[in-house]
Every structure is written in C-alpha cells, then in structure tokens.
Amino acid sequence: MNILLVGSGGREHALAWKIRQSPLLTRLVCAPGNPGMAAIAEVFDIKPTEVARQVALAQEIAADLVVIGPEVAIEAGLADALEAAGIPCFGPSAAAGRLESSKAFTKAFCDRHHLPTSGYRICDDAAAAKAALNHFAPPYVVKADGLAAGKGVVIAPDLATAQAAIDDAFGGGFGAAGARVVIEEFLEGEIGSLFALCDGKTSMLFGWAQDHKRAFDGDEGPNTGGMGTYSPAPVFTLDLVDQVDHRLVRPAFKGIASDGAPYRGVLFVELMATRHGPKLIEFNARFGDPECQVLMLRLESDLVPYLLACATGRLHEMPQPRWRDDDAVCVVLATQGYPGPAQSGSVIGGLDQTFGEGVVVFQAGTSAGPDGEVLAGAGRAVNVCATGGDLSEARERAYGAVALIDWPQGFHRTDIGWRALAR
C-alpha cells in the first residue's frame with residue numbers, strides 16, 4: 001500500500017513509526033512531516049490545511065489510504081475532498097469533526113443525544129460570558145469555542161481570573177477560536193482519555209491513557225496541549241470502560257450519524273470519572289497528542305488494517321486489537337514559556353544517539369537547521385517515550401533518556417504518571 005500521512009507533530013511521528021512496521025506498506029509519504037519523520041518516510045512541504053495540494057499529492061503517489069493526523073485538516077474539509085476524489089481516508093468529515101471544532105456544537109449535541117456532560121452556558125460576547133459566571137461556583141471553566149491547539153481552556157480559581165480569561169478570549173487571545181466562549185461547570189474527579197474507532201456504522205474501543213494537561217509538576221500552571229501521558233491508566237476499570245462505551249461512545253457515533261454525518265476515523269473521548277459516573281469533558285476528532293504516542297508503543301497489532309477498515313466501512317471484519325502487557329510513558333519537552341509566548345529556533349542536541357532499551361523519541365514541533373541540526377519551535381518539541389514491565393520501569397527509562405538530551409531552552413514535567421504511582 002501507498003500511504004499518505006498528513007501532519008507534522010509528535011502524534012504523526014508516532015503514527016508514521018507504527019505504520020512503517022506494517023508488512024502491508026509499500027511507500028510512506030508524510031506532508032509536511034518533520035526531521036524525525038524524514039528519517040523513516042518521504043516528506044513534502046505541504047500544510048495540513050492546503051486541501052487541494054494534499055489531494056493532488058495523494059493522487060500523484062496513487063495513495064491507497066490517507067491518514068489525517070491533526071484537527072485543523074479535518075476542520076478544513078480534507079476528508080470531504082478526498083472522498084470526492086475517490087481516495088480512502090482515515091479521518092472524519094468536517095461536519096462530523098464539529099464534535100471537536102466547536103465546543104458549543106458539542107454541548108448542544110450532548111443535550112440532543114443525552115450524553116452526560118457538565119453544565120454550561122454558550123456566550124457570544126464578553127458581557128454575556130461574565131453574566132454567565134453567576135450560574136457557576138469557582139473554580140470557573142472558560143473555553144474558547146473553536147480550535148486553539150489545546151490551549152483554549154482556562155481553569156480560573158476566582159471571579160477576577162475568570163473575567164480576565166473572558167476578556168482575553170474576546171480580545172483575540174485565541175484568535176478566531178475565541179469569538180464564542182463556553183462557560184462550564186467544574187467537574188470533580190479523575191481525568192482520562194479513551195479512544196474508539198468507527199467506520200460510519202461499526203465502532204470499536206481502541207485503548208486508553210491518562211494525560212497531564214497543566215504545564216508544571218503537581219498539576220500547576222496553565223493548561224497545555226499535554227505535557228505527558230501514560231498507558232494503561234488505572235482509572236479505567238473494566239466497569240468504567242463499559243460505562244464510557246455505552247454512555248458516551250456508542251451514543252456519540254449513533255447521534256452524529258443521525259445528524260447526517262457518519263463518523264469515520266478515531267474519536268478521542270476526554271472524560272472525568274466523577275462519583276456520578278463518567279462525564280464528557282470534550283471530544284477530539286483524531287488521536288490525542290501525546291496519548292497517541294503511548295498507544296502506538298503498546299499496540300501489538302498491525303495498525304494499518306484498522307485504519308483502512310475505518311476508511312472503507314469494514315471495521316466489522318476486524319478482530320479486537322492486541323495490546324502489549326508493558327506500560328508506556330511519554331514525557332513532553334517544550335520550549336520555555338510554553339503555552340505562552342516562547343522563542344523558537346533553539347538547537348536540540350543529542351537526538352541522534354541510542355537511548356537504550358524500550359526508549360523511542362518522537363519529534364513534534366521541530367525543523368531542520370541549515371547544517372542538519374534539529375531546531376525547536378515555540379511549543380512542544382520532543383516526546384521521550386519508553387515502555388517497561390511496569391510504570392516505574394517505563395518512567396525510569398523515559399526520564400533517563402530525557403537527561404541525555406541537550407536542550408537548555410526546554411523544560412518538562414518530572415512527575416508524569418504520579419496519579420497511578422500514588423495509588
């Protein structure tokens with residue numbers, strides 16, 4: 001098979017790494033890719049949102065399958081354009097992708113289809129949003145409606161901070177994503193990330209993990225796109241997984257199909273395990289980042305047949321995926337200042353070495369320098385991942401590898417997996 005993988009982050013590097021292992025693969029092309037992906041695939045400098053160019057590339061390489069990594073390509077309608085061109089695509093249509101691209105749409109969707117979630121108010125201006133705060137108690141949850149690269153959520157401990165977050169959103173702090181704001185009830189419990197595949201009709205659970213959203217140790221600091229993750233996550237008992245499947249996953253796929261947009265691809269269910277059962281925090285219309293990284297390390301089955309089955313309506317023919325018994329950890333290294341303003345262009349040294357047993361390093365926000373060096377962007381740059389016989393061994397391997405990377409301008413959390421270890 002010739003496969004085109006769209007995207008350039010750590011999630012896409014992990015998908016490329018796993019796809020590369022498939023005996024079905026003939027040719028792997030990534031667009032735009034990154035320096036790490038360039039070592040295992042052909043790369044073309046085409047942005048995920050350049051829909052016409054991506055379709056033309058797929059046609060040029062006679063792609064048997066296109067795999068969409070990032071949410072911006074889904075929102076831009078890449079899956080729709082590929083379907084029109086007759087090219088199988090793993091990734092939902094723009095209409096189905098509204099489950100991620102609009103939080104306001106998703107809240108109304110949950111109401112229509114009876115999915116458990118937090119209380120909320122949708123607000124189109126700052127005055128309405130500030131008035132809506134009166135319906136909630138601190139801490140306040142302020143969310144930009146649109147896509148904000150995982151940074152459009154503020155957990156405000158007091159009224160003044162919440163009002164400032166509202167002013168920031170409507171003042172352009174999140175770009176067009178903040179033109180509408182959702183004020184939500186704060187949920188108490190333990191967070192988790194569960195994934196499910198769908199081919200438009202049939203669905204299948206596809207692993208789970210636990211993310212660390214806050215920038216600093218102890219879950220302090222601003223929300224980010226994710227500073228690290230681990231799998232399996234003890235929060236996902238067999239009972240919780242069954243509840244999520246029946247209360248969130250299946251109703252979501254059934255509901256979006258009844259709305260006229262059958263879902264083809266992977267649905268990421270970010271949830272809170274509360275004392276009243278699982279409640280939806282938000283949907284994402286693609287693999288999580290950095291959750292995808294640990295899932296790919298633990299997935300024993302060949303990934304490609306599952307991607308193709310989703311794209312071609314044949315998921316009902318697939319067996320349940322096989323998972324390795326090992327635990328997996330991902331530690332994210334980001335440029336100092338992230339998720340706020342950060343300086344890009346610093347050199348990341350030491351990525352070309354052998355890191356030891358069980359360790360895999362994925363590149364995320366990186367580019368190639370004039371002399372072949374790896375340069376960091378202004379956000380998350382490197383994902384240091386490792387497997388082990390248990391979580392402690394996986395963490396020890398991952399953090400041992402982190403110590404070998406020479407990047408003074410970067411930072412990382414030192415407590416990935418703390419919830420599981422605290423148990």
Side-chain angles (χ1 to χ4, degrees), residues 3-21 25 27-50 53-54 57 60-61 69-70 72-73 149 215 224-228 289-290 292-293 296-297 330-386 397-413:
I3 297 177
L4 170 60
L5 173 60
V6 178
S8 62
R11 165 185 49 228
E12 288 79 28
H13 192 175
L15 289 170
W17 175 82
K18 185 64 178 175
I19 290 170
R20 169 53 66 191
Q21 298 169 29
L25 183 72
R27 184 181 183 188
L28 178 59
V29 175
C30 302
N34 65 38
M37 297 165 74
I40 58 173
E42 301 171 61
V43 296
F44 288 78
D45 188 17
I46 301 173
K47 295 177 182 178
T49 53
E50 292 182 293
R53 294 185 67 198
Q54 290 283 0
L57 177 60
E60 179 184 331
I61 69 168
V72 291
T224 72
M227 292 301 296
D289 189 346
C292 182
Q293 288 83 316
M296 293 303 104
L297 262 64
C330 174
V331 180
V332 173
L333 279 62
T335 304
Q336 290 176 14
Y338 173 80
Q343 185 70 43
S344 62
S346 56
V347 176
I348 307 173
L351 294 180
D352 55 352
Q353 63 187 298
T354 300
F355 286 98
E357 184 180 359
V359 177
V360 182
V361 176
F362 298 119
Q363 293 187 36
T366 61
S367 60
D371 298 316
E373 66 272 44
V374 176
L375 304 180
R380 297 180 296 172
V382 176
N383 308 146
V384 179
C385 306
R397 289 174 173 176
Y399 280 112
V402 168
L404 299 176
I405 294 175
D406 181 17
W407 188 30
Q409 295 83 6
F411 79 99
H412 63 276
R413 283 183 58 160

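Along the sequence shown, the residues carry numbers beginning at 1. All of these numbers come straight from a predicted model, not from anything done at the bench.
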Walk me through it: do Phe355 and Ile405 pass the test side chain to side chain contact (heavy atoms under 4.5 Å, CB included)?
CA-CA 10 Å; Phe355 286 98; Ile405 294 175; 4.0 Å; yes
Starting from the C-alpha separation in whole Å, work towards a yes-or-no answer on side chain to side chain contact (heavy atoms under 4.5 Å, CB included) for Val331 and Leu333.
CA-CA 7 Å; Val331 180; Leu333 279 62; 4.3 Å; yes
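In terms of heavy atoms, Gln293 sits closest to Asn383 at NE2-OD1, 2.7 Å. Listed here is the closest heavy atom pair of Leu375 and Gly345: CD2-O, 3.7 Å. Taking each heavy atom of Asp289 and Arg380 in turn, the nearest pair found is O-NH1, 3.0 Å. Met37 and Asn34 get closest at one heavy-atom pair: N-OD1, 2.8 Å. The shortest non-hydrogen separation linking Thr335 to Ala342 is CG2-CB, 3.9 Å. Between Ala41 and Cys30, the shortest heavy-atom distance links the atoms CB-SG, 3.7 Å.
A side-chain donor-acceptor contact under 3.5 Å links Thr224 to the backbone of Gly226.
Taken to the nearest 0.5 Å, the OG1 atom of Thr366 stands 6.5 Å off from the CD1 atom of Ile348. Between the CZ atom of Arg27 and the CD1 atom of Ile61 there is a distance of 5.5 Å, given to the nearest 0.5 Å. To the nearest 0.5 Å, atom CE of residue Met296 and atom SG of residue Cys385 are 11.5 Å apart. Residue Phe411 holds its CZ atom at 4.0 Å from CE of Met227, rounded to the nearest 0.5 Å. Taken from CD in Gln336 to CD in Gln343, the straight-line distance is 11.5 Å, to the nearest 0.5 Å. For the atom pair Leu4 CG and Glu42 CD, the distance stands at 10.5 Å (nearest 0.5 Å).
Between Tyr399 and His412, the closest side-chain pair of non-hydrogen atoms falls below 4.5 Å. A heavy-atom distance below 4.5 Å is not found between the side chains of Trp407 and Leu351.
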What side-chain donor-acceptor pairs closer than 3.5 Å can you find for residues 5-21, not counting sequence neighbours?
| unit_1 | atom_1 | unit_2 | atom_2 | d |
| --- | --- | --- | --- | --- |
| Arg11 | NE | Gly69 | O | 3.3 |
| Arg11 | NH1 | Phe287 | O | 2.9 |
| Glu12 | OE1 | Gly9 | N | 2.7 |
| His13 | ND1 | Gln363 | N | 2.8 |
| Lys18 | NZ | Leu299 | O | 2.6 |
| Lys18 | NZ | Ser301 | O | 3.4 |
| Arg20 | NE | Ile40 | O | 3.0 |
| Arg20 | NH2 | Ile40 | O | 2.8 |
| Gln21 | NE2 | Trp17 | O | 3.3 |

